[in-house]
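Worksheet for the structure shown next.
Order of the sequence lines sets the chain letters (A, B, ...), proteins ahead of strands, with each chain counted from 1. Only this structure's heavy atoms are used, side chains among them; waters, hydrogens and symmetry mates stay out. This one's a predicted model, so the numbers in the text were calculated from it and none came from an experiment.
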Number of protein chains: 2
Amino acid sequence: MTHSEENYIKAIFHLGFEGLEVISTNALAERMETKPSSVTDMLKRLSEKGLVHYKKYQGASLTDLGIKTALSIVRKHRLWEVFLVEKLDFNWDEVHEIAEQLEHIKSEKLIDKLDELLNYPKLDPHGDPIPDKNGELMEAHKQLLSQMPINTSGICVGVKDSSAAFLRFLDKNNIALGNKIKIVEKEEFDNSVRVLIDHRQLHLSQQIAANLYIKKINM
Amino acid sequence: MTHSEENYIKAIFHLGFEGLEVISTNALAERMETKPSSVTDMLKRLSEKGLVHYKKYQGASLTDLGIKTALSIVRKHRLWEVFLVEKLDFNWDEVHEIAEQLEHIKSEKLIDKLDELLNYPKLDPHGDPIPDKNGELMEAHKQLLSQMPINTSGICVGVKDSSAAFLRFLDKNNIALGNKIKIVEKEEFDNSVRVLIDHRQLHLSQQIAANLYIKKINM
DNA sequence: ACATATATTTAGATTTGTCTAAATTATTTA
DNA sequence: TAAATAATTTAGACAAATCTAAATATATGT
Ligand SMILES: [Mn+2]
Ligand SMILES: [Mn+2]
Ligand SMILES: [Mn+2]
Ligand SMILES: [Mn+2]
């Protein structure tokens, strides 16, 4: 498999996880930052290789083989992310790009040994679960701030909306990935939330809360 | 730069180190396990990019930029080899193939951090020097076992042939880098040598002696 | 149901990296 | 030095991955 094929497989997998039953050409093109015509070409190739189900105009979905393949790439991606943060002191917002390259290195022994070195981690630095050697995938341990119950605590681990506007808002309010956050109160009327971040009280609108991912921690 | 371009640059660099002033199309084709016509195509591209000096029928050599590029790839390759052996318990005969992939990962910070994690190693697992961040390459003051005079002593510091077959032979005979070795006798007839390694008498063929690097020590 | 808008595919082109077969240049040998 | 041999380049082809522009199919609205 080429890097490109692997990237497409992974994108289809993730779009599937985000709720889509069947992936449309345009959705995949947008995700891959490429043109729909390129996607059509690739879907034909992947279909030939038995990695996706694809019928003209009907969209695509992964075959069992495709799912297995995707899980193995995701496993590599997330293990490398852990390595970069745990062993090389990278900040967790710097690791994705590099893992995007490292996930394509071909060596089963390498990834097994890496897993061992890292002590068989269950989660990557963003709170996403790491598939095990057999492709078993734990449920995600992160959820949107808007979905967390009152009096629970967690750590800011990601954003759903990564637009400049939203990120600037977070900067301006000193909300950074890694910050501990506690839900103090939820306003029924507008679904806004009062939270504690680093001993500061903040009042966040529903829009904000619905775009900030929190990794639960045990208090 | 593509992986392929980087592999060509590295091959030209190594052929240069092995004595060739100017690299012929055929020599490069053999090293790259490809066809001479493919090499011609690539040399034109690399020349366009200012990485090699190339004139039709006159062979090729690296420009200053080409040398700088080669050193950076070699640095990455050898650092990853050290990582695989030191941190992931790979045997020295298993690391080359994987390093061949890892050397193409693009991230300056990654390689700096890796260097730090490994404690700024000077040599890779095969005794080859690792270029530093500025492209300084240590002089290898080593010579082939086959070139050492009788009754001199030294330490095994590297291999010329780093094929798995040769490395496994060394393992099987308990010859490791760092071992002290003394040349006891040379057989004129077949150029084989009798040596003492760790108080063991060994008889090594010319083929072996011509592929094992020894660093002389004062007795 | 039909026109319009949207989504998707096809056709044809481009780049990279490779190949085979043929042509050309350089080198060696007699 | 002329012929033979070896090395190298060119010509033309192919697969992968991409693009633009045009054609076609699907979905939507009135
Ligand atoms: Mn990738
Ligand atoms: Mn991640
Ligand atoms: Mn390589
Ligand atoms: Mn090496």
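- Between B/Ser4 and C/dT18, a side-chain N or O to OP1/OP2 separation shorter than 4.0 Å is present.
- Distance NE2 (A/His3) to C1' (C/dT16): 15 Å, rounded to an integer number of Å.
- Side-chain atoms of A/Arg78 come within 3.5 Å of backbone atoms of A/Pro129 as a donor-acceptor pair (strictly under, hydrogens ignored).
- Regarding A/Met42, its CE atom lies at a distance of 18 Å from the P atom of C/dT8, rounded to whole Å.
- Side-chain atoms of B/Lys142 do not come within 3.5 Å of backbone N or O of B/Cys156 as any donor-acceptor pair.
- Going from atom NE2 of A/His104 over to atom P of D/dA16 covers 18 Å, rounded to whole Å.
- Between A/Ser38 and D/dC19 there is a side-chain N or O to OP1 or OP2 distance below 4.0 Å.
- A sub-4.0 Å separation between OP1 or OP2 of C/dT16 and a side-chain N or O of B/Arg45 is absent.
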- Message: I'd like to compare against my own output: the B/S/- annotation of nucleotides 6-13 of chain D with a strict under-4.0 Å heavy-atom distance to protein.
- Response: -SBBB---
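- Checking side-chain atoms of B/Gln101 against main-chain N and O of A/Lys106 turns up a donor-acceptor pair under 3.5 Å.
- For D/dA16, the OP1/OP2 oxygens have no side-chain nitrogen or oxygen of A/Tyr8 closer than 4.0 Å.
- Between B/Glu48 atom CD and C/dT16 atom P there is a gap of 10 Å when expressed in whole angstrom units.
- Donor-acceptor pairing under 3.5 Å is recorded for the side chains of B/His104 and B/Asn7.
- Sorted by first then second residue, the side-chain hydrogen bond (donor to acceptor under 3.5 Å, both in side chains) pairs that include residues 29-41 of chain B, not counting sequence neighbours, are B/Glu18-B/Arg31.
- The aromatic ring centroids of A/His96 and A/His77 lie less than 6.0 Å from each other.
- Annotation: cation-pi geometry satisfied between A/Lys109 and B/Phe90 (NZ/CZ under 6.0 angstrom from ring centroid, within 45° of ring axis).
- Mapping A/Lys35 and A/Glu5 onto DNA chain D by nearest heavy atom places A/Glu5 at the nucleotide closer to the 5' end.
- Distance B/Asn7 CG to C/dT16 P: 17 Å, rounded to the nearest Å.
- For A/Thr34 and D/dA17, the shortest distance from a side-chain N or O to OP1 or OP2 is not below 4.0 Å.
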